[in-house]
Amino acid sequence: MNEKLNQLMRILDLDASPKQRLRMILNDEFTASVDQNDFLQIDPSYLKLEISPRSPFFVKFRQLVIDAYSTSRGLKEDELGRKIHLFRSYLDLFYLNYIRQYSGQNDFQRLLNFAHRQKIRLDYETVSNYHNRTQNDVFYPRNMKVQLMRNSWRLRNNPARMIEFIINIDRGEFISEWNSYKVTTDGKVDSNPAHYSIAKLESIANTESFNYGIPHGNYFVYPHLRKTHYYLDVQQPKDSLLRQRAKKIYRSPRGYRQGGSFADLIKAGGVKDAKAWQQVPFSRRAEVYSSFIEHLAQSNMPNWGINYYLSSTIQYQQYAVV
C-alpha cells in the first residue's frame, strides 16, 4: 500500500497542469468510472488504502482541485469535476481506514489518541445539521462533527477544516456511508439503491464529506479562498442515486436562528460537551434540549456548547463536566 501512495505523490508533483494531474490520478491510477447508478467505482485494490489525515497527499490533492476549478461553476464545469465530487467519499475512506488502526475503546477515542500523538487541535465548531438528518422531527442531535486541521495560515496547501469526521455522541462511533456499503465479489461497491434498507440509508445520508474548499467556520479565511467551499463543496454536481435516495428519506433540520429547532450540542467545549451530554439521562434529554434551544433563541447569545449551558443552569448543573 505504501507504494500506491508513493505513486500518487509522484503524480501530484509532476510538471503538468492541475487538470492533467487530476485525470492521471483518477483515470489512470484509480481507473475511476461512473456506473449506471451514478456511483464512482475505483480499482478495488485501493479500498483498503490507509492514509494519515496529516499526509501531504490530501492537501496537495485539495490544492490541485482549487487550482483546476477556480470559477463559480466549481466542479460542475466538466465530467472530470463530477468524478472529483464523487471521489471525495474515497478520500474519506482512506483516512477512516488509517484512524481505525489506532488503539482506543471506540472511534472517537482513536481520533483523540491520533490528535494527541500528532499534537494537533481538533475543530468542533462547524454546524452539523447536515449530518443529523432524520425521518421525523429532531428532538436532539445524535451526531457531532469534528474537523482537522483546526486552522491554518498557509496561502497554498492549506489543510484547514479539510478532513471531516461525523461521530455518534453516545457510542463514539464514526457515522459513515462506508458503514453501510456492500462490496460485491468483484470488489465493486453495490450501488443499487434497491439493495439497501431504510435503516442502512441513515449513515449514507449523514456521512462525513471531505472538503475541497475551505469552510469559514469561526476562523479567518484568505479572500482568494473564501468562496472555494461554496463553489467546490456546497454547490455540487449530482450525487449517486443511492445517496440521493438517502437524502430524500432523511432530511436535515433547520437551525434555531432560521426558525427551526436545531443547535449543536458539541461546540468549543469539545470532549467536555460530549461527556456532559452523555451524563444526561435519556429520559430527560428531550426536556433538556428543548430548554437549551429556548435559551439560545431568547438570549441571542452565541452557542458555547451544552456543557456551558448545563453548568450555568441550576436545575441541570448536576450533569455538567468541570
- prompt: Going through the checks in order, is the ring-ring contact (aromatic ring centres under 6.0 Å, His included) test met by Tyr140 and Phe282?
  reply: CA-CA 11 Å; Tyr140 52 82; Phe282 284 96; 7.4 Å; no

Please work out which of the three classes, parallel, tilted or perpendicular, describes the rings of [Y] and [X], given edges at 30° and 60°.
X: Tyr90; Y: Trp178; value: tilted
X: Tyr309; Y: Tyr316; value: tilted
X: Tyr222; Y: Phe220; value: perpendicular
X: Phe94; Y: Tyr46; value: tilted

message: Hydrogens and angles aside, do Gln7 and Arg10 bring a side-chain donor and acceptor to less than 3.5 Å of each other?
response: yes

Return yes if some donor-acceptor pair links the side-chain N/O of [X] with the main-chain N/O of [Y] below 3.5 Å, else return no.
X: Asp264; Y: Ile266; value: no
X: Arg62; Y: Asn158; value: yes
X: Thr313; Y: Gln315; value: no
X: Arg21; Y: Leu12; value: yes

Within 6.0 angstrom of [X] [atom1], more than 12 heavy atoms from elsewhere:
X: Lys247; atom1: NZ; answer: yes
X: Arg117; atom1: CZ; answer: no
X: Lys188; atom1: NZ; answer: yes
X: Arg226; atom1: CZ; answer: yes

- prompt: Residues two or more places apart in sequence or in another chain: which of them pass side chain to side chain contact (heavy atoms under 4.5 Å, CB included) with His116?
  reply: none

- prompt: Do any pairs count as a ring-ring contact (aromatic ring centres under 6.0 Å, His included) and have a residue in residues 231-266, sequence neighbours left out, and if so which ones?
  reply: none

- request: Using the ring-ring contact (aromatic ring centres under 6.0 Å, His included) rule, take Tyr69 and Tyr212 through it: C-alpha gap first, then chi angles, then the decisive distance, then the call.
  value: CA-CA 10 Å; Tyr69 293 92; Tyr212 290 126; 9.2 Å; no

task: Tell me, with the steps shown, if Asn168 and Glu173 meet side chain to side chain donor-acceptor pair (under 3.5 Å).
output: CA-CA 5 Å; Asn168 179 274; Glu173 297 174 357; over 6 Å; no

- prompt: How is the hydrophobic cluster of Trp304 composed, in terms of its other members, when Ile, Leu, Val, Met, Phe, Trp and Tyr link through side-chain heavy atoms under 4.5 Å apart, directly or indirectly?
  reply: Met301, Tyr308

- prompt: Can you list the steps and then say if Phe87 with Phe61 is a ring-ring contact (aromatic ring centres under 6.0 Å, His included)?
  reply: CA-CA 11 Å; Phe87 184 66; Phe61 192 88; 5.6 Å; yes

message: Quick check on ring-ring contact (aromatic ring centres under 6.0 Å, His included): which of Tyr98, Phe108, Phe165 does Phe174 satisfy it with?
response: Phe165

message: Between Tyr181 and Phe39, is the ring centroid distance below 6.0 Å?
response: yes

field: Spatial distance of atom CG (Asp190) from atom CD (Gln41) [nearest 0.5 Å]
entry: 9.0 Å

- request: Flag the pair Asp170 / Arg142 as yes when at least one side-chain heavy-atom distance between them is below 4.5 Å, and no otherwise.
  value: no

Lys182 to Tyr196 six-membered ring, cation-pi geometry met (6.0 Å, 45°): yes

